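A quick note: this is a predicted structure, and the numbers were derived from the prediction, not measured. We name chains A, B, ... by the order of the sequence lines, and we start the count at 1 in each one.
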Amino acid sequence: MDRKNNSPLEKKSSSLRPTTKKNLITYAMVIFFFVLFQTLSATGNLKHAHKALLVPVCTSIIMAISLNLVVGVLGELSLGHAGFMCIGAFCGSFFSVLMKDVITTTWIRLTLAFIVAAVAAAVAGILIGIPVLRLKGDYLAIVTLAFGEIIKTVVNTLYIGKDANGFHIAMSTANLGLEPDGKIILNGPQGISGTPKNSTFVIGFILVMITLFIVTNLMDSRTGRAIMSIRDNRIAAESVGIDITKYKLLVFTISAAIAGCAGVLYSHNLSSLTATTNNFGYNMSIMILVYVVLGGLGNIRGSIIAATVLYALPELLRGLKDYRMLIYAIILIVMMIVNNGSYFVQLRERLSIKLKSGKNKKEVA
Amino acid sequence: MKFLSQLISGISLGSIYSLIALGYTMVYGIAKMLNFAHGDVIMIGAFVVYTACVTAGLPAVVGVLIAIVFCTLLGVTIERFAYKPLRQATSLAVLITAIGVSYLLQNLALLIFGSDTKQFSSVVSLSAVTLADGQLTISGETIVTIIVSVIIMVSLYLFVNKTKPGKAMQAVSEDKGAAQLMGINVNGTIALTFAIGSGLAAIAGALLCSAYPALSPYTGAMPGIKAFVAAVFGGIGSIPGAMIGGIVLGIIENLSKGYISSQLSDAIVFAVLIIVLLVKPTGIMGKKINEKV
């Protein structure tokens, strides 16, 4: 088409949709930082301690995006998100340890581990989602917290071993009844050891991109709009024929599956995997929730930035030694008050009005 | 006999949960916020008692009194500086701020007292009572905990239902705007609620660490969560609900520790909560609120 003849209307339709543009910026941002850090680490400009942060940062980004789907997009507070990560991590590690000698190609084994973990976490998401989604608000939040803690506790009491007769599951080593040649894979509180350390920054990056692709496309779809209408007004959404339970369960399951994959990434970065309060308990769930809220509810790019900055922050404050978590806590409180406090909200409104009126005056002049 | 002794220690543990849960439930009822920092106020209370009694050598009663005053002031200060600016904000923003306060208290304690676990000396000097020819022993801590809890619960019930500030509290939790129009000082009432909740947390901290004498900056976290569960269990926002919820939770926890598995007891407690909420979605004593469009 001749460029000269383009009318303003056609120009608009030929340019990208605002959401697409927004998503492309997010993708570009992630790719840019991936390339930046990959180059830095390849050229040896990254300290070893900082290099070790790359995969965990990817894990927390994926966790933050998937939790944002539940909290920001669906509008339900979940305090047990780390539980799904726990299921994914243990199923993925279990699979990898079991198949270490059977499937020797790393990428095939890891891909399968991701699939196994995603399916297991999704099944858990459905099983937990059906009863939980009957509840509302803070009650839903406390039940998700309870499920997260149950998952962690149960994993800590399970012993699974394998010998010539097949699998043995018990609540203690003595009850396992293994043959002499048998091998304990999941060893109660000692967890799983000997997981191959297959997680790399590249795999983390690919997983972040896949998560981003799934979540942004879901949000821009018809389904996504239905989900957001539930968040904005549940009763109105119900009255126009949106199946609340179906969509809630869908979001819960997708989010759980993604968290499961994050768990695999996490567990394949460690040689021994145990479930404690700090990695799979409610501390972790809360930590991810902090990323989501500070990044902005429903804002995927915000989640990525917040997860990266806040995960790295305690590490960057390491120079302050004992004071770093204290400073982190103070930064958190001050940020929340500056962002949401009524005084600051009014201040911002006044400022924006002033700026606008200033602009208008200039235009008039 | 084993059952009876498990039951009694369960009631004792449950009374402590009740005291903590009261703080959660009153704050929730009045400010509609989940005060995640409440568990850490317990820990601070216990540390104050520890400092006063073990380090400074003061008598136990004085130590507990100092802790109550300290925690009351602490609660009011936290409310004033962290939560009051966010009164108009979304509940999620307040929740995250409460998490921030929780981190702050834990790390302050970590800096001041160090991360090593301290041996807490019991504030109770009552010796154990032996019943039924030595088959049943009830420790002094258990007796004092139960008595103190009963006294507190009865006086709190009377305070909320019979006095003017108590009625103001109920009015504010019902409808803030209407309460303000009736001439109730809403900000003062909310501060009072935090003060009472934190004072109770100090007592709970002293009793908890007397029964389980290990004190570290993370001591408050798990009892805090359990008490929160107890508050929800009884119907969050309801004062009798928190009392019943706490005691039931303590009994379930102790019985499952004694008869099923000590490792799984937490999971059992949480599972019971889930079942209760599925049958009665607003807890045992919770009110059903009809939604309006």
Side-chain angles (χ1 to χ4, degrees), chain A residues 71 77 128 131-132 134-143 145-154 156-157 171 188-189 233-236 239 277 282-283 286-287 289-290 292-294 297 322-345, chain B residues 28 32-34 36 81-108 110-111 114 218 221-222 225 228-229 231-233 236 261 263-275 277-278 281-283 286 289 291-293:
Chain A
V71 181
L77 180 57
I128 294 171
V132 162
R134 287 187 51 202
L135 303 167
K136 285 189 208 91
D138 297 328
Y139 290 97
L140 189 141
I142 187 74
V143 169
L145 190 155
F147 267 117
E149 292 298 304
I150 291 176
I151 290 171
K152 191 198 79 194
T153 317
V154 169
N156 267 327
T157 50
M171 304 282 278
N233 193 327
R234 188 180 58 82
I235 296 171
S239 73
T277 322
Y282 107 106
N283 281 358
I286 298 259
M287 202 75 170
L289 185 67
V290 169
V292 171
V293 175
L294 280 180
L297 290 177
D322 297 343
Y323 293 93
R324 65 192 178 115
M325 282 314 284
L326 194 71
I327 291 169
Y328 180 86
I330 293 171
I331 291 176
L332 190 59
I333 298 170
V334 171
M335 267 165 98
M336 286 324 283
I337 292 176
V338 170
N339 261 336
N340 301 291
S342 43
Y343 174 77
F344 290 98
V345 168
Chain B
Y28 184 87
K32 296 285 174 289
M33 66 165 286
L34 302 176
F36 261 105
F81 289 103
Y83 303 151
K84 200 177 165 197
L86 293 171
R87 197 125 321 144
Q88 312 295 331
T90 56
S91 62
L92 208 53
V94 191
L95 179 79
I96 301 293
T97 312
I99 292 163
V101 173
S102 161
Y103 285 161
L104 183 71
L105 294 180
Q106 277 180 15
N107 287 292
L108 271 180
L110 203 63
L111 274 182
Y218 307 109
M222 204 55 200
I225 298 258
F228 177 35
V229 167
V232 176
F233 192 84
I236 192 152
S261 156
Q263 287 162 317
L264 277 178
S265 71
D266 285 355
I268 293 168
V269 166
F270 288 123
V272 171
L273 167 88
I274 293 168
I275 293 164
L277 283 188
L278 290 180
T282 51
I289 300 162
E291 266 180 280
K292 287 178 204 152
V293 182

What is the distance from atom [atom1] of [X] to atom [atom2] of [Y], rounded to the nearest 0.5 Å?
X        : Y        : atom1 : atom2 : answer
A:Ile330 : B:Tyr103 : CD1   : OH    : 14.5 Å
B:Ile99  : A:Ile333 : CD1   : CD1   : 11.0 Å
A:Ile337 : B:Leu86  : CD1   : CG    : 5.5 Å

Side chains of [X] and [Y] in contact at under 4.5 Å (non-hydrogen atoms):
X        : Y        : result
A:Asn283 : B:Tyr218 : no
B:Ile236 : A:Ile142 : no
A:Leu289 : B:Leu95  : yes

Show which side-chain atoms of residues 145-154 of chain A pair as donor or acceptor with protein atoms under 3.5 Å away, not counting sequence neighbours.
from     : atom 1 : to       : atom 2 : distance (Å)
A:Glu149 : OE1    : A:Lys152 : NZ     : 3.2
A:Glu149 : OE2    : A:Tyr282 : N      : 3.0
A:Thr153 : OG1    : A:Glu149 : O      : 2.6

(message) Ignoring hydrogens, what is the shortest heavy-atom contact between A:Ser342 and B:Gln88? Give both atom names and the distance.
(response)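 Heavy-atom minimum between the residues: CB-CG, 3.9 Å.
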Check each atom of [X] against the heavy atoms of chain B and say whether the ones under 4.5 Å are side chain, backbone, both or neither.
X        : result
A:Leu77  : side chain
A:Val345 : neither
A:Leu140 : neither
A:Val293 : side chain

(request) Return the set of residues passing side-chain contact (heavy atoms from CB on, under 4.5 Å) with B:Val272 (not counting sequence neighbours), or none when no residue passes. (result)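 Partners of B:Val272 under the side-chain contact (heavy atoms from CB on, under 4.5 Å) test: B:Phe233, B:Ile252, B:Ile268, B:Val276.
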(request) Using side-chain contact (heavy atoms from CB on, under 4.5 Å) as the criterion, point out the one residue from A:Val292, A:Val290, A:Asn340 that pairs with B:Ile96. (result)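 When A:Val292, A:Val290, A:Asn340 are each tested with B:Ile96, the side-chain contact (heavy atoms from CB on, under 4.5 Å) holds only for A:Val290.
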Proximal component of [X], with respect to chain A [non-hydrogen, under 4.5 Å]:
X        : value
B:Gln263 : both
B:Leu108 : both
B:Phe81  : backbone
B:Leu273 : side chain
B:Leu278 : both

(message) At a heavy-atom distance under 4.5 Å, which candidate from A:Pro189, A:Pro131, A:Ser239, A:Ala329 has the highest pair count against chain B?
(response)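 The option with the most such pairs is A:Ala329.
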(message) Only pairs of heavy atoms separated by less than 4.5 Å count here; which of B:Val229, B:Leu34, B:Ile225, B:Asp266 has the most with chain A?
(response)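 Most heavy-atom pairs within the cutoff with chain A belong to B:Ile225.
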(request) Inspect the surroundings of CZ in A:Phe344 and state if more than 12 heavy atoms from other residues, nucleotides or ligands are less than 6.0 Å away. (result)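 Yes, because the 6.0 Å sphere around CZ of A:Phe344 holds more than 12 heavy atoms from other groups.
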